[in-house]
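Let me begin by presenting the structure, written as structure tokens, before commenting on it.
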Number of protein chains: 2
Amino acid sequence: MPVSDSSDGSVWLRRERPPRDRQLSRGQIVDAAVPVLDAEGHRGLSMRRIAADLGVTAGSLYWYVRTKDDVLELALDRVLGEVGADPDEPDWRLGLAGLARNTRTMLLRHRWALLELTVRPNLGPNAFTLAETGLRLLSRAGFADADLDAAMATVNDQVVGAVIAEVAWRDTLTRMRRSGVEWSEHATTLYLRDVAERHPLLARRMAAAKGSDAERDSERRFEFALTCLLEGLAATCRAGADNAAVSP
Amino acid sequence: MPVSDSSDGSVWLRRERPPRDRQLSRGQIVDAAVPVLDAEGHRGLSMRRIAADLGVTAGSLYWYVRTKDDVLELALDRVLGEVGADPDEPDWRLGLAGLARNTRTMLLRHRWALLELTVRPNLGPNAFTLAETGLRLLSRAGFADADLDAAMATVNDQVVGAVIAEVAWRDTLTRMRRSGVEWSEHATTLYLRDVAERHPLLARRMAAAKGSDAERDSERRFEFALTCLLEGLAATCRAGADNAAVSP
DNA sequence: ACCTGAACACCGTTCAAGT
DNA sequence: ACCTGAACACCGTTCAAGT
């Protein structure tokens with residue numbers, strides 16, 4: 001997972017050329033890339049494909065962008081713009097929960113964005129706006145300085161981690177359905193029976209998962225994690241406030 | 001990120017061939033793959049490279065494995081075996097914290113494993129053992145049924161999310177150092193000044209991050225998240241117990 | 001049964017040459 | 001200044017042919 005490597009740094013630090021005889025723009029490149037990513041994932045996106053959709057040759061894209069990675073970085077910020085959040089929500093827990101839920105639904109719409117989100121720090125304008133919103137809500141909760149950072153990171157990491165797991169699981173299910181795999185096949189049954197003997201708790205949970213609706217389960221889990229985390233954050237910042245009040 | 005697609009399912013369900021004139025084994029293939037992944041990441045690993053290191057041709061690997069993805073799946077379970085954890089630790093919070101910390105250090109040793117971990121559900125033997133350990137600790141905490149699943153997922157997702165962010169950040173820093181980028185360059189300064197104006201909280205946090213040790217910060221954040229989460233879990237399962245005691 | 005060697009159908013990126 | 005067209009140096013995977 002390489003990222004731009006030269007000394008002029010991230011895409012965001014290199015202004016787009018002033019238009020002259022241009023037929024293209026970074027915006028148009030992203031316009032072409034996002035639908036392909038949504039429909040076919042990273043696998044479906046090639047520089048040749050983008051170029052073809054725009055009616056040019058692959059080489060010409062490199063006039064606007066230095067690597068394919070730049071395209072993905074731009075595409076990520078584009079979809080981050082779809083996440084709505086209210087920085088002025090008076091109840092910080094409601095505000096953060098909303099931010100988390102909106103992020104989740106955006107990521108389910110643009111699954112490819114998960115990888116981009118996790119591969120490099122995010123320096124696009126929409127990423128910054130979202131970060132500021134989160135920080136605002138958490139600072140209203142009472143966090144400051146290093147704890148403010150840590151709290152923000154904790155929420156982000158939980159959302160990203162949860163959606164990654166959810167998407168991986170959903171993809172596997174659809175792949176299995178498409179290729180007609182059955183859990184009841186011989187080798188599978190033997191393997192799982194073996195597993196069950198050594199891992200009783202796991203076996204019970206797998207059995208329970210079989211009958212239930214995967215989509216509903218993921219959503220329940222996401223909400224469980226969210227309330228759990230907000231509860232923990234509230235407790236932590238109460239403790240911090242108490243300590244501050246007690247110590248000089 | 002495609003995974004095995006045919007109807008015989010995951011690698012784990014296909015037994016290795018009985019030896020006859022074999023020069024290779026899945027084990028040897030993994031032996032060759034892991035060091036390459038550790039040293040050069042996904043980018044450095046090709047079927048041709050593995051084959052060369054084993055003194056055979058690329059094509060022959062396909063006798064043991066159906067896709068490159070199979071190799072990665074096997075490699076992941078190999079390194080999951082390095083994570084130690086005590087399922088019988090009497091204090092469940094200590095036990096889970098230990099599991100989380102050990103997972104983190106393993107993932108920092110084998111950064112490529114993060115992507116594998118997140119791309120598909122994990123069906124290898126070592127993955128199962130770790131899952132059982134986590135479930136055991138959490139069931140001792142008082143979780144059961146769907147909440148047991150949810151609690152386990154929450155912890156896992158937090159660890160994975162946190163380490164992903166940590167690795168992304170570290171990689172960016174080393175990349176910047178290697179290519180000699182300076183935050184003080186002209187374009188960067190302008191861009192960041194612009195950001196600071198619109199995002200005061202973010203600007204303050206970025207300024208604070210500049211002077212501090214990234215490695216120490218990540219560890220602090222990881223611990224913050226961990227205590228936060230365990231606190232939240234404890235509260236949630238107390239609440240669950242209370243409800244159960246009150247309602248019929 | 002296992003491995004080779006060559007081929008197929010792709011990649012991202014570069015760069016002379018055109019306009 | 002911008003774009004083309006061809007090339008370079010790779011990929012994963014397949015498969016006849018060998019042993």
Side-chain angles (χ1 to χ4, degrees), chain A residues 1-6 8 11 14-29 32-33 36-37 40-75 112 115-116 119 179, chain B residues 1-6 8 11 14-30 32-33 36-37 40-75 112 115-116 119-120 179:
Chain A
M1 274 141 308
V3 173
S4 38
D5 219 275
S6 109
D8 26 306
V11 227
R14 300 187 311 276
R15 316 283 320 138
E16 193 162 14
R17 278 166 205 281
R20 239 172 82 153
D21 316 323
R22 285 216 245 111
Q23 308 183 4
L24 256 48
S25 69
R26 284 183 178 176
Q28 288 175 64
I29 293 176
V36 176
L37 286 166
E40 303 172 43
H42 283 94
R43 273 295 172 112
L45 192 76
S46 68
M47 296 301 268
R48 285 169 171 87
R49 169 73 185 272
I50 297 174
D53 288 359
L54 291 170
V56 295
T57 349
S60 67
L61 297 176
Y62 289 85
W63 192 258
Y64 299 89
V65 121
R66 208 181 36 213
T67 60
K68 184 187 181 184
D69 232 73
D70 277 3
V71 178
L72 292 168
E73 205 165 342
L74 293 166
W112 53 271
L115 184 59
E116 299 319 310
V119 136
S179 63
Chain B
M1 277 142 307
V3 173
S4 37
D5 219 274
S6 109
D8 26 307
V11 228
R14 300 188 311 275
R15 317 282 322 138
E16 194 162 14
R17 275 164 206 284
R20 238 172 83 156
D21 317 322
R22 283 217 247 112
Q23 309 183 4
L24 256 48
S25 70
R26 283 182 178 178
Q28 288 176 65
I29 292 176
V30 176
V36 176
L37 286 166
E40 304 172 42
H42 283 93
R43 274 293 171 113
L45 191 76
S46 68
M47 296 302 266
R48 285 170 171 87
R49 168 72 184 272
I50 297 175
D53 288 0
L54 291 171
V56 295
T57 348
S60 65
L61 297 177
Y62 289 86
W63 191 258
Y64 299 88
V65 120
R66 209 182 35 212
T67 61
K68 184 186 181 185
D69 232 73
D70 277 3
V71 177
L72 292 168
E73 205 164 341
L74 293 166
W112 54 271
L115 183 58
E116 299 319 309
V119 137
R120 63 188 139 243
S179 63

Among C/dT4, C/dC2, C/dG12, the one nearest A/R48 by side-chain distance: C/dG12

Nearest to the side chain of B/S60, heavy atoms from C-beta on, is which of C/dC11, C/dC3, D/dC2? C/dC3

Of the nucleotides D/dA7, C/dT4, D/dC3, which has the atom closest to the A/Q23 side chain? D/dC3

Counting only side-chain heavy atoms from C-beta out, which of C/dT13, D/dG12, D/dC2 sits nearest to A/Y62? C/dT13

D/dG12 P sits how many Å from B/R49 CZ, rounded? 12 Å

Sugar-phosphate only, base, or nothing, as touched by A/L54 at under 4.0 Å among non-hydrogen atoms: nothing

Here the distance between atom P of C/dA7 and atom CE of B/M47, to the nearest Å, is 21 Å

Using the C1' atom as the reference point in each nucleotide, state the distance between C/dC11 and D/dA7 in Å, no decimals. 14 Å

Residues 52-61 of chain A vs salt bridge (charged side-chain N to carboxylate O under 4.0 Å, His left out), sequence neighbours excluded, gives A/R49-A/D53

C/dA16 and D/dC2: how far apart are their C1' atoms, nearest whole angstrom? 14 Å

DNA chain D: 5'-proximal contact among B/G59 and A/A58 (nearest heavy atom): A/A58

Whole-Å distance between D/dG12 C1' and B/H42 NE2? 15 Å

Could you check how far CG of A/L61 sits from P of C/dC11, rounded to whole Å? 13 Å

Please report the C-alpha distance between A/E116 and A/H42 in whole Å, then the side-chain angles of each, then the deciding distance to 0.1 Å, and finally whether the side chain to side chain contact (heavy atoms under 4.5 Å, CB included) criterion is met. CA-CA 10 Å; A/E116 299 319 310; A/H42 283 94; 2.6 Å; yes

Which value, in whole Å, describes the distance between the C1' atoms of nucleotides C/dC15 and D/dC3? 12 Å

Run B/I50 and B/V71 through side chain to side chain contact (heavy atoms under 4.5 Å, CB included) and show every step you take. CA-CA 10 Å; B/I50 297 175; B/V71 177; 4.0 Å; yes

Result block: side-chain N/O donor-acceptor pairs under 3.5 angstrom for residues 54-62 of chain B, not counting sequence neighbours:
unit_1	atom_1	unit_2	atom_2	d
B/S60	OG	B/T57	O	2.7

Taking atom P of C/dA1 as reference, at what distance in whole Å does atom OH of B/Y64 sit? 12 Å

Would you say the side chain of A/V119 lies within less than 4.5 Å of the side chain of A/L72, judging by non-hydrogen atoms? no

Close side-chain approach of B/E73 to B/R120, heavy-atom, < 4.5 Å: yes

A/I50 has an atom CD1; how far is it from atom C1' of C/dG12, in whole Å? 11 Å

Steps toward side chain to side chain contact (heavy atoms under 4.5 Å, CB included) verdict (A/I29, A/Y64): CA-CA 9 Å; A/I29 293 176; A/Y64 299 89; 3.8 Å; yes

In whole angstrom, give me the gap between the C1' atoms of D/dC10 and C/dC8. 14 Å

B/L24 CG - C/dT4 C1' separation (whole Å): 13 Å

Run through DNA chain C and report every stem of 3 or more consecutive Watson-Crick or G-U pairs, distances under 3.5 Å, ordered by first number. C:4-8 with D:12-16, C:12-16 with D:4-8

Of the nucleotides C/dT13, D/dA1, C/dT4, which has the atom closest to the A/W63 side chain? D/dA1

A/R26 side chain vs A/V65 backbone, donor-acceptor pair below 3.5 Å: no

Go through D/dT13, C/dT13, D/dT4 for me and flag the one nearest to the A/T57 side chain. D/dT4

Select one nucleotide: of D/dT13, C/dT13, C/dG12, the one nearest the side-chain heavy atoms of A/S46. C/dG12

Could you tell me the separation between the CZ atom of B/R43 and the P atom of D/dC11, rounded to a whole number of Å? 10 Å

